[in-house]
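In what follows, a single structure is set out as C-alpha cells and then discussed.
This chain uses plain numbering: 1 for the first residue, then up along the sequence.
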Amino acid sequence: MSRAAHALEHHPRQVTALVAALLLTGGGGAYAVASFAPDPSLLPVREVLENVQPLPLAEQAEALDTHRFSLYSNEQVRPSDTAESLLSRLGVNDAGAAAFLRQDPLARAQVLGAAGRFVSVEATDSHDLLRLKARWAVDDRTFQRLVVERQADGHFSSHVETAPLVASLRIGSGTVRTTLMAAVDDAGIPEAVTSQLVDIYSSEIDFRRALRAGDRFSVVYETLEADGEPMRTGRVVSSQFTNAGRVLEALWYQQPGRPGGYFDFQGHSLEHQFLAWPVAFTRISSNFAMRFHPLLHRWIKHEGTDFAAPTGTPVRSVGSGRVEFAGWQNGYGNVVHVDHGNGESSVYAHLSRIGVRVHEMVQRGEVIGNVGMTGWATGPHLHFEFRENGQLRDPVEMAHQSKSVELTPQARADFDKLAHTMRTQLALSASSSQVASLR
C-alpha cells in the first residue's frame, strides 16, 4: 500500500494510464464472454398449424352500409325567412318539405308566421326532412307543439299536440353599479324577474332614491319549459336583496286554504294590500310634490305620480276592487278609476287603451289598460293617483302603510323547513354571478 501511494504521488500520469488500460481490457473480456452465447440459427424449430375462425366483418360492413344516421338541429325563425331559407339554416335540403311548409296552414302560421320562435328538426344523413317541431306557450300551465313529419309514403303531415309546461328553477345574482336594470341585464336575469323583485321589496326599498352602488341581490326563480326549451319566466321563488347594508329576504309560500304570498325568512309577511308601482319597473318622471306644470306654465302641487313608459306598456291595478269609471275624462284623457273599498280608490290616466269595463271586478296586479298620451300629456306616460276618503295621497306611502297577512302557527314548521332549503339555494346563487339551473 505504501509503495502504491508512493507511485501515485510521484508518477500520477503513468498510474492513470495503467488503470484505463485495465478497464478497457476488462470490458473487452466481458464482450468476449458474451459472444460465446448459442447461435439462434442452430436452435430447433417447430411448426404449429391451427384453424382460425374469421370474424364476421363482411356482415358488419354490410350493416354499416345500410344504416342511416339522423341529424338534429334547431334555429330561430327570422322575420324575413322563407321556407327555403329556414330549412337551409337547419341543414335541410328538401324541396318537398319546403313546399309543404309554404302550403300547409298550420305550418305557415306557426312556423313561417312566427318570427322569434325556435324550430327543431330531425333530418336524414342525406339532408331530407324527417320531422320538424315548433313550440309555443298557451298560458302558464300548457304549451302546444306543432309536429310536421314524413309519412311512410314520403308525403308530409302536420298536427298540433298540447302538453303541460314543466317548471324548473334557476338562480342568479348581481351587483348594482349604476341602475337595477343594468345590474339584472349584466346578470342575464329576465326583465319579468326584475318587475317581481321591485314588487316584493317596494314596501322596504324606495327604488327611486334608496339604491346604492354596491347593493347586491340573489334570486331563485321559475322558468317554464316545453321539452326542455324555456317558454316564459315564472314566479320568483326566493330572493335576497342587500340595500345600504340591510339584508332583506323573501320567500314565496302558500298557506293551506289561503292565497300564496311573500314572507321574510322569519315568517313575517311582505305582502301588502296595494302595489307601489302600477307599471313594471320604470322611471318616475314626476313625484307627488310641487312642480312646474308643462302646459299651464306655473307651479302647482302635483297630487299624483307620473311614470314615464313607452306607449303600450301594460298598466296594472295596484289593488283588488271594482271599476267605477272607464272612459274619457277632460285632461285625464282615457282614464280608469278603481274603487278598493273602505274609502280608498286609484286613478290611471292618459291611457292609450282601456282594458276593463265599468262595474267589472279586478284583482291586484291585473292589467287594466296600456300607457299612452291621451288628454293633457306632452309625452307617453301614466299619471297615477291614490285617494283616501276623497283626499289625494302619496301612492307610494299608501302602499307602504297598507295591511299585510301574517303566517299562521299551523304552517310554521313547514315554512321553516322551506326557508332553510331556500337559504342554501340563495347562498349558491350569491357565490356565482352566472345564471344557473337547479335540476
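Summarising the local packing, NE2 of H155 is surrounded by 12 or fewer heavy atoms from other residues, nucleotides or ligands at distances under 6.0 Å. Counting heavy-atom neighbours within 6.0 Å of Q151 CD, excluding the residue itself, gives a total above 12. N93 CG: 12 or fewer foreign heavy atoms inside a 6.0 Å radius.
No side-chain donor-acceptor contact under 3.5 Å links T311 to the backbone of G372. Checked by atom type and distance alone, the side chain of R353 never pairs as donor or acceptor with a backbone atom of L351 at under 3.5 Å. Looking at H127, its side chain never comes within 3.5 Å of a backbone N or O of V92 through a donor-acceptor pair. Side chain of H340 to main chain of S345: no donor-acceptor pair is present (N/O by atom type, distance under 3.5 Å, no hydrogens or angles). Judged purely by atom type and a 3.5 angstrom limit, S73 uses its side chain to pair as donor or acceptor with the backbone of L90. Checking side-chain atoms of N243 against main-chain N and O of R246 turns up no donor-acceptor pair under 3.5 Å.
Counting heavy atoms from C-beta outward, Q255 and F263 have side chains that approach closer than 4.5 Å. Residues Y72 and S70 have side chains in contact (heavy-atom distance under 4.5 Å, counting atoms from C-beta outward). The closest side-chain heavy-atom distance from V119 to E75 is not below 4.5 Å. Annotation: side chain of L251 is in contact with side chain of F265 (closest heavy-atom distance under 4.5 Å).
Looking only at atom types and distance, the side chain of Y262 has no donor-acceptor partner in the side chain of D199 under 3.5 Å away. Checked by atom type, the side-chain pair R216/T175 shows a donor-acceptor distance below 3.5 Å.
Checking each of R387, E388, R393 against E344 for a side chain to side chain contact (heavy atoms under 4.5 Å, CB included) leaves exactly one that passes, namely E388. Checking Y348, W277, F274 one by one against F384, the ring-ring contact (aromatic ring centres under 6.0 Å, His included) holds for a single residue, Y348.
Relative orientation of the H383 and Y332 rings is tilted, given thresholds of 30° and 60° on the angle between their planes. Under the 30°/60° scheme for interplanar angles, the aromatic rings of F100 and F156 are found to be tilted. Between F325 and H337, the ring planes are perpendicular. Angles over 60° get that label, and only those under 30° would be called parallel.
With rounding to the nearest 0.5 Å, the separation of CD in E249 from CG in L426 is 7.5 Å. Once rounded to the nearest 0.5 Å, the distance linking CZ of R145 with CD of E161 reads 5.0 Å. Annotation: the span from M361 atom CE to S320 atom OG amounts to 7.5 Å, rounded to 0.5 Å. One distance of note links CE of M181 with CD1 of I189; it measures 11.0 Å at 0.5 Å rounding. Atom CG in D264 sits 12.5 Å away from atom CD1 in I200 (nearest 0.5 Å). Rounding to the nearest 0.5 angstrom, the gap separating the OG1 atom in T179 from the CG atom in D185 is 8.0 Å.
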Quick one: side chains of residues 104-118, donor-acceptor pairs under 3.5 Å with protein atoms, not counting sequence neighbours, listed by atom name and distance.
unit_1	atom_1	unit_2	atom_2	d
D104	OD1	S158	OG	3.2
D104	OD2	L106	N	3.3
D104	OD2	A107	N	3.0
D104	OD2	S158	OG	2.9
R108	NH1	R102	O	3.1
R108	NH1	Q103	O	2.9
Q110	OE1	R117	NH1	2.7
R117	NH1	Q110	O	3.0

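The two residues R357 and V323 come nearest to each other via the heavy atoms O-CB, 3.3 Å. For D215 against A210, the heavy-atom pair with the smallest separation is OD2-O, 4.2 Å. Scanning all heavy atoms of the two residues, the minimum distance from L165 to D139 falls at CD1-O, 3.3 Å. Residues L382 and P278 share a closest heavy-atom pair of CD2-CG, 3.5 Å.
Between D81 and R89 a salt bridge is recorded (basic side-chain N to carboxylate O distance below 4.0 Å). A salt bridge between R150 and D94 is present, with a side-chain N of the basic residue lying under 4.0 Å from a carboxylate O of the acidic one.
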